[in-house]
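Below, all heavy atoms of this structure are taken into account, side chains as well, without hydrogens, waters or symmetry copies. All residue numbers refer to positions in the sequence shown, counting from 1.
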Amino acid sequence: MAELIGLIASIGTIASAGFAVAKAISDLADELGTAGQNIKLISVDTKAVALILHEMKRRLDKSTRRAQQTIDVALEIVDLCKSDLESIKQFLIPVLSTGGDKMSMVQRARWIFVKAKISTKRVSLNSLKLTINLFIHTLDFIEGDLLDEYVFNEM
């Protein structure tokens, strides 16, 4: 039980971090002009992962049928999310402007090197969104919500 409480708290923390990273990305996108469109896509994906993680937290919190295997899979998913979000944040630190000023030429040059790394992480975030959604649906089946609905609709 303590492990589940820790997992749920961890998911909330990571979801909050995801929103913070998404905001930083969005702020950066506003400063980059036309390149900003690509960055905004990463911001949207990061927000989506954070929202889906929040939903996963909510479902785990209200779950009544928790197997250790379910908790283990959730922990693995959370670790992947944390790793990707931290990587994106670390790639952005050299690029982000300070004090709300416009980006310097050095920061714009750094962006050229960071862009490919962040794009790779964007692909990983898309994969995580699918994985988390599948996990949430599996939780629903385990809880019987969707299974009962499916059986009822088939009759």
Side-chain angles (χ1 to χ4, degrees), residues 1-30 32 35-97 107 110-154:
M1 183 63 161
E3 185 178 18
L4 180 64
I5 292 170
L7 171 64
I8 291 171
S10 178
I11 292 171
T13 301
I14 294 168
S16 295
F19 286 120
V21 169
K23 182 178 179 341
I25 293 170
S26 183
D27 292 346
L28 174 64
D30 292 339
L32 283 177
Q37 183 60 32
N38 291 328
I39 299 170
K40 284 188 180 195
L41 293 173
I42 295 167
S43 176
V44 168
D45 287 335
T46 305
K47 286 178 198 173
V49 167
L51 285 170
I52 297 168
L53 273 173
H54 182 72
E55 180 61 19
M56 180 176 147
K57 174 185 175 275
R58 190 181 72 75
R59 300 280 178 97
L60 282 169
D61 197 28
K62 75 174 191 170
S63 176
T64 58
R65 301 179 190 168
R66 298 179 200 112
Q68 184 60 43
Q69 192 175 24
T70 303
I71 294 171
D72 291 345
V73 171
L75 284 168
E76 290 176 18
I77 291 170
V78 168
D79 286 344
L80 288 171
C81 291
K82 183 178 179 181
S83 173
D84 280 354
L85 291 172
E86 285 176 355
S87 293
I88 291 171
K89 184 177 178 180
Q90 288 302 315
F91 294 145
L92 286 176
I93 287 173
V95 179
L96 295 174
S97 61
Q107 288 168 317
R110 287 179 182 156
W111 168 247
I112 293 169
F113 298 107
V114 170
K115 185 169 75 171
K117 292 177 183 178
I118 291 179
S119 294
T120 301
K121 288 299 178 184
R122 181 170 177 240
V123 171
S124 181
L125 288 174
N126 282 327
S127 176
L128 282 171
K129 287 188 296 189
L130 295 172
T131 301
I132 298 167
N133 273 318
L134 181 59
F135 182 79
I136 288 171
H137 287 292
T138 302
L139 283 177
D140 288 342
F141 274 112
I142 291 170
E143 289 296 314
D145 297 345
L146 290 178
L147 185 59
D148 292 343
E149 182 180 314
Y150 177 76
V151 171
F152 178 74
N153 287 335
E154 289 297 314

Between Ser16 and Gly12 (side chain of the first, backbone of the second, donor and acceptor by atom type, cut-off under 3.5 Å), is there such a pair?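 Here the side-chain-to-backbone pair exists.
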Nearest atoms (heavy-atom pairs only) where Ala50 meets Ala15: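 Smallest heavy-atom distance, with atoms named: CB-O, 3.4 Å.
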Nearest heavy atoms of Ile52 and Ile136, plus distance in Å: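 Shortest heavy-atom contact: O-CD1, 3.8 Å.
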Chi angles and distances behind the side chain to side chain contact (heavy atoms under 4.5 Å, CB included) call for Cys81, Ile132: CA-CA 10 Å; Cys81 291; Ile132 298 167; 3.6 Å; yes
Results of salt bridge (charged side-chain N to carboxylate O under 4.0 Å, His left out) for [X] - residues two or more places apart only:
| X | value |
| --- | --- |
| Asp45 | Arg122, Lys129 |
| Glu55 | Arg58, Arg59 |
| Lys121 | Asp84 |

Once you round to the nearest 0.5 Å, how far does [atom1] of [X] lie from [atom2] of [Y]?
| X | Y | atom1 | atom2 | answer |
| --- | --- | --- | --- | --- |
| Ser127 | Leu80 | OG | CG | 8.5 Å |
| Phe135 | Ile142 | CZ | CD1 | 7.0 Å |
| Ile11 | Asp61 | CD1 | CG | 9.5 Å |

Would you say Val78 and Met56 make side-chain contact, with heavy atoms under 4.5 Å?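 Yes, at least one pair of side-chain atoms sits under 4.5 Å.
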Gln68, CD atom: more than 12 neighbouring heavy atoms under 6.0 Å: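 For Gln68, atom CD is crowded (more than 12 foreign heavy atoms under 6.0 Å).
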Step by step, work out the side chain to side chain contact (heavy atoms under 4.5 Å, CB included) result for Ile14 and Ser10. CA-CA 6 Å; Ile14 294 168; Ser10 178; 3.7 Å; yes
Does the side chain to side chain contact (heavy atoms under 4.5 Å, CB included) test come out yes or no for Ile88 and Leu125, once each step is laid out? CA-CA 10 Å; Ile88 291 171; Leu125 288 174; 3.4 Å; yes
